[in-house]
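I have placed the structure first, in the form of structure tokens, so that the comments after it can refer back to it.
Everything numeric in this text was worked out from a predicted model, so none of it was measured. For the numbers below, each heavy atom of this structure counts, side chains included, while hydrogens, waters and symmetry mates do not. Lettering of chains follows the sequences in order, A, B, ..., and the numbering in each one begins at 1.
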2 protein chains.
Amino acid sequence: MNAKKAVERQTGVALWRQIADLIRLSISNGDYDQTGMVPPEIVLAGQFGVNRHTVRSALAALADEGLVQAIQGRGTIIQRKERLSFPISRRTRFSQGLGDQARETEAKLLGKAILPAAGDVAKGLKIDPGTLCIQLDLVSSADGRPVSCSTSFFPESRFPAMAEQFERLRSITKAFAAQGLADYVRISTELVARHADASELALLRLSPGAIVIEATAINADPDGVPVQFSRTRFAADRVKLKIET
Amino acid sequence: MNAKKAVERQTGVALWRQIADLIRLSISNGDYDQTGMVPPEIVLAGQFGVNRHTVRSALAALADEGLVQAIQGRGTIIQRKERLSFPISRRTRFSQGLGDQARETEAKLLGKAILPAAGDVAKGLKIDPGTLCIQLDLVSSADGRPVSCSTSFFPESRFPAMAEQFERLRSITKAFAAQGLADYVRISTELVARHADASELALLRLSPGAIVIEATAINADPDGVPVQFSRTRFAADRVKLKIET
DNA sequence: TATAGTTGTCTACATTAATAGACATTTCGG
DNA sequence: CCGAAATGTCTATTAATGTAGACAACTATA
């Protein structure tokens, strides 16, 4: 494990970014838990086979994320190491699942719209293309750090007050309940991982080049009628998805 | 949709790589299905706000992956666009799930070892750290393209012939059966997405900077006793994980 | 068979990333 | 209080990435 670690040149990904990713991974794996500090720059430079300045760029990026803090004369100490474990099950609800992992969770409404359902949305909700839907855009945070952003669609005919109820109650589950839907389950989830686009970088406050996991999910009422089509993008370096079967 | 698309500078990720990722995404989204071709280089350059040469670097990377092929005078045609949908459920088996999506699936044994269980492996298998385990390293391919590589651990005391049986039968499920375990289920799956390291780049034949989804799973016999601890890394741009609850 | 539209190749130059070395500054322990 | 060990800062140089423009080569079509 202490052999030279893997960074590649001429890949279109700068060495400092590759190294930042690897150090972040080591931190979340607990590789440095004994000392609570990142190894000295000169040691890391040796491990990765690069110049000390390149390592410094990587550490600067991690410091920018608030993950580490360098102190002259002492070393670079680890500030945070958690990766939130996010449950995915038939009964997935955002704040509930995080439970004791975060002191405070928040879902912020970024935008709302009423618009005709496009192809994949209509297909997911099993409605005719063009049927009106309510779209809600949210960013969800835990302890002040954004962990996901989502776009959801609800059939307008059945939940005409979705946006207002959500703004009042700050919860999809409660907004459903206020409109007569006491329970719902997830009937489908598809996952894809890719690089974050510019809007996701901004919303999730990610360092550019970061990865998002996109979960496309459909929730349905107890009779199996789809009530919500959502596309949630998680900041991949902050979460771990736990599948509950 | 035709507005300027999002690429960012000074991110540690070269523009050509960001653009290659975006074009790959557009291809798999079916954005270019009408023509079966990527838009002309000069058009893409305009959309992304970069020089034509930068787009050419991106297209060269995609051509290298075999995703597109440029033909002088005509344009750049799309060769492949599929993303394999990979089911994750209590009864996840590799070849079975892919079913009709690929004509031919293959699991290749890269290495085997007998070694004492380390921390997370022991914890997952619920055995004492240091207990002997059999480790199998596999690469799984569909239609000749690698889609995942995995490292699995099995308790040596219960499945002493795991490696031999797998080599003979080319299937984990069959190797279990040959050793008296007729059925097993997945009891835990955790997902994380990150950049591929050098060995994964080589095994999965990825272009550098690519993303992998790492699934850490535990399979257990019908009594709930863990029989397999595995870490599978999927090539993120080739698969979509479908959660079945 | 022109011609418009496309990819291929070349040169030149600017900007960013990475290397190299020197030395300052801070912390901590003997 | 000195010295080892760590981070901070500076200069200089090389390599990789991105821009710019010109023109060649090829394809399809009017």
So which protein nitrogen or oxygen atoms get under 3.5 Å of nucleotides 12-17 of chain D's nitrogens or oxygens?
residue : atom : partner : partner atom : Å
D:dA16  : OP1  : A:Gln10 : NE2          : 3.4

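Among residues two or more places apart in sequence or in another chain, the side-chain contact (heavy atoms from CB on, under 4.5 Å) test is passed with A:Arg194 by A:Glu200, A:Val212, A:Glu214, A:Arg233, B:Leu25. Evaluation of the side-chain hydrogen bond (donor to acceptor under 3.5 Å, both in side chains) rule for B:Arg74 yields no partner, not counting sequence neighbours. Evaluation of the side-chain contact (heavy atoms from CB on, under 4.5 Å) rule for B:Val192 yields A:Arg83, A:Lys240 as partners, not counting sequence neighbours. Qualifying side-chain contact (heavy atoms from CB on, under 4.5 Å) partners for A:Lys126, counting only residues two or more places apart in sequence or in other chains: A:Pro226. Remark: B:Lys112 engages B:Glu167 in a side-chain hydrogen bond (donor to acceptor under 3.5 Å, both in side chains) (not counting sequence neighbours). The salt bridge (Lys or Arg N to Asp or Glu O under 4.0 Å) test applied to A:Asp33 returns A:Lys81, not counting sequence neighbours. Applying the side-chain contact (heavy atoms from CB on, under 4.5 Å) criterion to A:Ala235, with sequence neighbours excluded, gives A:Leu204, A:Leu206, A:Asp237, A:Arg238.
With rounding to whole Å, A:Ile19 atom CD1 is found 10 Å from C:dA18 atom C1'. Note: CE (B:Met37) to C1' (C:dG5) measures 11 Å, nearest angstrom. Between the C1' atom of D:dG21 and the CZ atom of B:Arg56 lies a distance of 14 Å, rounded to the nearest Å. The interatomic distance linking A:Leu62 (CG) with D:dT7 (C1') rounds to 16 Å, in whole Å. In this structure, CG of A:Leu44 is placed 14 Å from P of C:dT19, rounded to the nearest angstrom. The nearest whole Å value for the distance from the CG atom in A:Asn51 to the P atom in D:dC10 is 17 Å. For B:Glu41 and C:dA4, the CD to P distance is 20 Å, given to the nearest whole Å. For the pair A:Gln69 CD and D:dG8 C1', the computed distance is 14 Å after rounding to whole Å.
Side-chain contact of B:Thr216 with B:Glu190: a donor-acceptor pair under 3.5 Å is absent, judged by distance alone.
If you check every strand for non-hydrogen atoms under 4.0 Å, B:Ser57 touches nothing.
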(message) Output one letter per nucleotide in nucleotides 22-30 of chain C: B when a protein non-hydrogen atom lies under 4.0 Å from the base, S when only the sugar-phosphate is that close, - when neither is.
(response) ---BBBS--
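Applying the 4.0 Å criterion to OP1 and OP2 of D:dT19, one finds that B:Thr54 has a side-chain N or O inside that range.
By the 4.5 Å heavy-atom criterion applied to side chains, A:Leu110 and A:Leu138 are not counted as neighbours.
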